[in-house]
Amino acid sequence: MPQTRFADVRRFGSIDSTNRYLIEEARAGAPEGVVAVADHQTAGRGRLGRSWEAPAGANLLLSVLLRPAIGPGERHLATTTVALAALDAIGVVEPRTATDVSIKWPNDLVESSGRKLAGVLAEADLVSAVAAGVLQPPVVVGIGVNVNWPATDADLPPELVGLAVSLRQMIGVPVDREALLAALLAALEPRAADLDSVAGRARLAEDMATHCSTMGTRVRVDLPDGSFEGTATGISPEGHLVVTTGKATRTVVAGDVVHVRPGS
Ligand code: BTN
């Protein structure tokens, strides 16, 4: 995308993982803004050590390298930045779907029935930070958007039917991946700029709250050391989920969460 920090777009027919690639580039000193886009990944990474799979040439698979001057407590806002930019881009390219797509905290784009349209995975390069003796590591944020796959539910493995959806399914016609990529990188510039100021970070958290379908719902939060239930009532200035349990208010940090699911 010319005239933005995201001008260096590196394209791959096939690569193991665009996140892995950019983490290595970050270690080698690559500047903020490098983008890696793949037609296909052979070892795409998802959250919680899962894999992320899509057939070649169908979906948007990309990662961006950010070097935000933010502390560890605010790092989740890097994920928020990319999730909001993707939402912005979908609104530009396919306005018919815009009101139908929201963010399920911490990092999924979902359509109104809850099926997942996109996932975001941020990986901080702590090795670089330790080597450089700094507290602000580069962050690689990857996103996989189901653009044209699945074309129908018949394309999905049975365990994903009802859980995943594509833009093509939502609209009924194939969607232009290149247009979505261009719109996403354009939307990313102002969103990434917001990471650089206190007011901008507050705006990211507010916009997240506005577009987050988890707000106001009953949730059960599974943490590595136990779970609790409450109502999601806000997004903290750091991008964390605020859950009111009746007696108290707890702030849930994305990195600690195993699952946030509808509560009983
Ligand atoms: C999730 O589990 O919801 C996050 C999925 C993130 C997938 C994307 S695809 C492009 C980038 N490269 C990867 O290896 N993963 C991310």
Side-chain angles (χ1 to χ4, degrees), residues 6 8-27 30 33-66 75-87 89-90 101-111 114-125 138-150 156-157 159-160 162-167 175 177-178 180-181 184-185 188 208 212-214 222 239 241 254-261:
F6 303 105
D8 182 357
V9 179
R10 304 183 188 175
R11 292 177 180 268
F12 299 88
S14 182
I15 192 171
D16 52 352
S17 156
T18 54
N19 266 32
R20 193 279 310 153
Y21 169 78
L22 279 189
I23 286 171
E24 298 211 345
E25 288 299 291
R27 274 178 205 161
V34 179
V35 181
V37 185
D39 265 346
H40 185 237
Q41 296 184 122
T42 55
R45 301 176 182 176
R47 273 188 82 225
L48 305 170
R50 299 191 187 111
S51 61
W52 184 265
E53 290 175 23
N59 289 349
L60 193 55
L61 309 167
L62 81 120
S63 303
V64 297
L65 172 56
L66 300 175
R75 217 174 278 147
H76 181 65
L77 288 173
T79 303
T80 306
T81 299
V82 173
L84 285 171
L87 200 62
I90 289 169
V101 182
S102 61
I103 300 173
K104 180 182 160 205
W105 192 89
N107 70 339
D108 288 349
L109 266 61
V110 295
E111 52 89 84
R115 291 181 292 176
K116 181 163 171 169
L117 183 65
V120 183
L121 174 68
E123 299 185 76
D125 179 19
V139 182
V140 171
V141 190
I143 181 165
V145 185
N146 298 338
V147 180
N148 288 313
W149 181 91
L156 288 171
E159 67 275 13
L160 287 184
L163 298 180
V165 71
S166 69
L167 279 174
V175 173
R177 269 193 313 164
E178 283 300 315
L180 188 63
L181 172 63
L184 199 157
L185 295 182
L188 201 48
M208 177 66 166
C212 181
S213 47
T214 313
D222 294 334
L241 187 69
D256 292 343
V257 169
V258 180
H259 285 119
V260 175
R261 346 170 175 260

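Just so you know, ligand 1 is whichever comes first in the structure, and atom 1 is the first atom listed for that ligand.
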If you measure from the Lys or Arg side-chain nitrogens to the Asp or Glu carboxylate oxygens, is any gap between [X] and [Y] under 4.0 Å?
| X | Y | answer |
| --- | --- | --- |
| E178 | R11 | yes |
| D108 | R115 | no |
| R10 | E25 | yes |

Any side-chain to backbone donor/acceptor pair from [X] onto [Y]? Under 3.5 Å, distance only.
| X | Y | result |
| --- | --- | --- |
| S102 | C212 | no |
| N146 | A118 | no |
| R177 | N59 | yes |
| T214 | W105 | yes |
| E123 | I23 | no |
| N19 | L121 | yes |

Nearest option to atom 9 (S) of ligand 1, as decided by whichever heavy atom of E123, E53, Q41 sits closest: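 That would be Q41.
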Residue portion contacting ligand 1 (non-hydrogen atoms closer than 4.0 Å) for D108: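 For D108, the contact with ligand 1 is made by the side chain alone.
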Under-4.0 Å heavy-atom contact with ligand 1, by part of R20 that carries it: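 No part of R20 comes within reach of ligand 1.
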For [X], counting its heavy atoms only, list the atoms of ligand 1 lying under 4.0 Å from any of them.
| X | value |
| --- | --- |
| L62 | 10 (C), 11 (C) |
| G44 | 14 (O) |
| S63 | 11 (C), 12 (N) |
| V120 | 4 (C) |
| G144 | 7 (C), 8 (C), 9 (S) |

Would you mind checking which non-hydrogen protein atom is closest to [atom], with the distance to 0.1 Å?
| atom | result |
| --- | --- |
| atom 3 (O) of ligand 1 | K116 NZ, 2.6 Å |
| atom 10 (C) of ligand 1 | T18 OG1, 3.3 Å |
| atom 2 (O) of ligand 1 | R47 N, 2.7 Å |
| atom 15 (N) of ligand 1 | R45 O, 2.7 Å |

Heteroatom proximity flag, W52 to ligand 1, N/O under 3.5 Å: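 In this structure, W52 places no N or O atom under 3.5 Å from an N or O of ligand 1.
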Ligand 1 to N107 polar contact by distance, N or O atoms, under 3.5 Å: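 No: no nitrogen or oxygen of N107 is under 3.5 Å from one in ligand 1.
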